[in-house]
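Working notes, structure below.
Basis for what follows: all heavy atoms, side chains included, without hydrogens, waters or symmetry-related copies.
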Amino acid sequence: AQSVTQPDARVTVSEGASLQLRCKYSYSATPYLFWYVQYPRQGLQLLLKYYSGDPVVQGVNSFEAEFSKSNSSFHLQKASVHWSDSAVYFCALSMYGGSNAKLTFGKGTKLSVKS
Amino acid sequence: AQTIHQWPVAEIKAVGSPLSLGCTIKGKSSPNLYWYWQATGGTLQQLFYSITVGQVESVVQLNLSASRPKDDQFILSTEKLLLSHSGFYLCAWSPQVSGNTLYFGEGSRLIVV
């Protein structure tokens with residue numbers, strides 16, 4: 001069965017510092033991989049997605065993620081965080097091949113940016 | 001551009017009372033539609049999905065039901081709420097073709113007391 005692990009429940013960084021949020025997945029083939037962000041009391045917003053091609057994908061708001069098949073990872077990165085990046089970040093995978101684009105989510109990482 | 005609207009934004013309901021949450025998608029014809037549930041502080045779990053009007057598939061059993069009365073509308077309901085129904089309910093859509101990317105609404109927060 002597929003699964004997504006986000007090993008860090010909480011991450012705190014200073015404004016202007018670089019950021020890496022970790023995501024490991026378990027799936028026999030290469031899945032669709034996503035990062036979503038959830039601001040307080042809001043829905044999920046898509047940051048970026050990956051299926052094939054260049055393992056480094058660019059997303060909104062200067063976020064990028066790097067896919068590693070050998071490590072089964074899809075880590076999210078940002079060179080310089082802003083206080084407004086404080087939110088919960090979810091990594092997810094999809095094995096879409098039929099009518100249900102079911103996403104399997106990790107438990108999320110809560111990012112706090114200190115000013 | 002596509003927009004997704006959920007209602008109500010929040011509800012406080014009593015155990016045993018009925019519930020109806022709604023979701024409308026504008027600007028996209030015949031989308032696939034989904035309901036997800038997020039327990040407080042938890043991850044997201046898919047509840048239902050629908051690929052066409054009148055057809056809904058249940059993914060997990062939580063004493064909830066869903067219906068798709070129109071192409072652009074998805075309804076989540078129950079006749080009797082349980083305390084365990086509390087949480088955040090998110091509606092999402094994906095394109096029918098190459099529909100692996102989900103786009104979420106703003107969610108409806110439910111507190112059952």
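Contact between F104(B) and L44(A) at its shortest, heavy atoms only, is CB-O, 3.5 Å.
By the 6.0 Å contact criterion, CH2 on W7(B) is enclosed, its count of non-hydrogen atoms from other residues, nucleotides or ligands being greater than 12. By the neighbour-count criterion of 12 heavy atoms within 6.0 Å, atom OH of Y51(A) is sparsely surrounded, having that number or fewer from other residues, nucleotides or ligands. No more than 12 heavy atoms of other residues, nucleotides or ligands shown are found within 6.0 angstrom of CD on E79(B). Other residues, nucleotides and ligands contribute at most 12 non-hydrogen atoms within 6.0 Å of the NZ atom of K110(A).
Residues I25(B) and V53(B) do not share a hydrophobic cluster, defined by chaining ILVMFWY side chains whose heavy atoms lie under 4.5 Å apart. Placement of V9(B) and V113(B) in two distinct hydrophobic clusters is found when ILVMFWY residues are connected by side-chain heavy-atom separations under 4.5 Å, directly or transitively. Put simply, V11(A) and Y39(A) are part of the same group of oily side chains (I, L, V, M, F, W, Y) that touch within less than 4.5 Å, one to the next. If you chain together hydrophobic residues whose side chains sit under 4.5 Å apart, Y49(B) and I75(B) never meet in one group. A continuous path of Ile, Leu, Val, Met, Phe, Trp and Tyr side chains, each step under 4.5 Å between heavy atoms, connects V60(A) with V113(A), placing both in one hydrophobic cluster.
Under 3.5 Å, the side chains of T43(B) and K107(A) contain no donor-acceptor pair of N or O atoms.
For residues 81-91 of chain B, a heavy-atom distance under 4.5 Å to chain A picks out F88(B), L90(B), given by residue number.
Within the 3.5 Å criterion, the main-chain N or O of Y103(B) finds no donor-acceptor partner in the side chain of Y36(A).
Interface check for chain B: of the options T104(A), L103(A), L46(A), the most heavy-atom pairs under 4.5 Å are formed by L103(A).
Residue I51(B) touches chain A through its side chain alone, counting heavy-atom pairs closer than 4.5 Å. Within the 4.5 angstrom heavy-atom criterion, only side-chain atoms of V59(B), from C-beta onward, approach chain A. When heavy atoms are compared at a cutoff of 4.5 Å, Q46(B) approaches chain A solely by way of its side chain, counted from C-beta outward.
When side chains are defined from C-beta on, Q38(A) counts as touching Q38(B), because their heavy atoms get closer than 4.5 Å. Within the 4.5 Å cutoff, the side chain of T101(B) has no heavy atoms near those of the Y32(A) side chain.
Going from atom NZ of K102(A) over to atom CD of E57(B) covers 13.0 Å, rounded to the nearest 0.5 Å. Expressed to the nearest 0.5 Å, how far CG of N100(B) lies from CE of M95(A) amounts to 12.0 Å.
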